[in-house]
Amino acid sequence: MLGSLLTRILILFLGYAYPAFECYKTVEKNRVEIEELRFWCQYWIIVAMLTVLERVGDVFISWLPMYGEGKVALFIYLWCPKTKGTFFVYKTFLRPYVAKHETDIDRKLLEMRARAWDLTVLYWQNFAQYGHAAFLQALRYMAANSAKFATKPTTESQTVDDDQQDTAAPAPPLRKPSGKNKWQPGSPPATPNGRATTVNRAMSETPRSPKVVHPRHQTDGGQVDELTEKLRLRRSKPIQ
């Protein structure tokens, strides 16, 4: 794990960073030599080809021992001033192959460019259609929610009114007569099932006549009281 990380760092530094700085110094010279520019152009062409091929080749040959160290050694071999491996690799392998298939490569590139443009246009049209449909759906959703919010307060007020009517306080129950608190003649007490009987209703509706007591039906107690009153009156009269 540590070895692979170290080789990656060396490849980035020795294969890309240092050659890029040397190429910069060559370009910025007052008198640029054509051979140096050609050398660095050939180097970057080879590095680009290796970068494309290693995406597929690493899957098959990355298990080989010393694979990372071999890539580091190859980059150093390409730009090292003593070896100048770029000229050899370019003239021996890359240039003959590319020159032989240059026409086919150009045709393939043009076809790929046209397909890429067609795919881009197709995806853009689909994206525009889906975006338009999503926008209309969002507008409909907002309109539906706004209508719900507008009708919601009225429904809530009606529900509150219904609840208030349903939860109205019931009439207080009638109290039983006790002592001096007696029922009025016009409102007889209710039976357990909440209704007055026919007899009570008739009794309450018929007026009561005053009771006439006949003198001869007076009790003995009443006669005694009259006698006592007469004696008291006689005693109270002055003696002549």
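Below, all heavy atoms of this structure are taken into account, side chains as well, without hydrogens, waters or symmetry copies. Please read all numbers here as calculations on a predicted model, not as lab measurements.
- Residues satisfying the ring-ring contact (aromatic ring centres under 6.0 Å, His included) test with F39, not counting sequence neighbours, are F87.
- Residues forming a side-chain contact (heavy atoms from CB on, under 4.5 Å) with F88 (at least two apart in sequence, or on another chain): Y77, T92, F93.
- Under 4.0 Å is where a charged nitrogen must lie from a carboxylate oxygen, and between K71 and E54 at least one such pair does.
- Put simply, the side chain of T86 gets close to the backbone of L78: a donor and an acceptor are under 3.5 Å apart.
- The side-chain contact (heavy atoms from CB on, under 4.5 Å) test with C23 is passed by exactly one of Y43, W79, W40: W40.
- Within 6.0 Å of NZ in K91 there are 12 or fewer heavy atoms belonging to other residues, nucleotides or ligands.
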Identify every side-chain donor-acceptor pair in residues 112-132 under 3.5 Å, counting partners at least two apart or on other chains, and give the distances.
{"residue": "T120", "atom": "OG1", "partner": "A116", "partner atom": "O", "Å": "2.7"}
{"residue": "N126", "atom": "ND2", "partner": "L122", "partner atom": "O", "Å": "3.3"}

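- A single hydrophobic cluster is not seen to contain both L136 and M142; linkage of ILVMFWY side chains at heavy-atom distances under 4.5 Å, directly or through other members, places them apart.
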- [ ] Show the numbers, then the answer: is there a side chain to side chain contact (heavy atoms under 4.5 Å, CB included) between L94 and I46?
- [x] CA-CA 8 Å; L94 188 60; I46 295 172; 4.1 Å; yes
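- In this structure, E111 places its CD atom where more than 12 heavy-atom neighbours from other residues, nucleotides or ligands lie under 6.0 Å away.
- Between W44 and Y16, some side-chain heavy-atom pair lies under the 4.5 Å cut-off.
- C80 contributes atom SG, which lies 11.0 Å from atom CG of L14 (distance to the nearest 0.5 angstrom).
- Minimum interatomic distance between G15 and P19 (heavy atoms only, all atoms of both residues): O-CG, 3.6 Å.
- Among the candidates K108, H101, R107, the single residue satisfying the side chain to side chain donor-acceptor pair (under 3.5 Å) test with D104 is R107.
- Using a 4.5 Å cut-off between side-chain heavy atoms of Ile, Leu, Val, Met, Phe, Trp and Tyr, with links allowed through other members, V47 and L53 fall into different hydrophobic clusters.
- With sequence neighbours left out, K29 forms a side-chain contact (heavy atoms from CB on, under 4.5 Å) with V32, E36.
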Open item on the list: Could you walk me through whether T7 and E69 satisfy the side chain to side chain contact (heavy atoms under 4.5 Å, CB included) test, starting with their C-alpha distance in whole Å, then the side-chain angles of each, then the deciding distance to 0.1 Å, before giving a yes or no?
Closed with: CA-CA 6 Å; T7 54; E69 289 79 1; 3.9 Å; yes
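- Taken from CG in L50 to CG in L74, the straight-line distance is 6.0 Å, to the nearest 0.5 Å.
- Partners of K25 by side-chain contact (heavy atoms from CB on, under 4.5 Å), not counting sequence neighbours, listed by chain and number: F21, E22.
- In this view, R95 and Y90 satisfy the side-chain contact (heavy atoms from CB on, under 4.5 Å) rule, not counting sequence neighbours.
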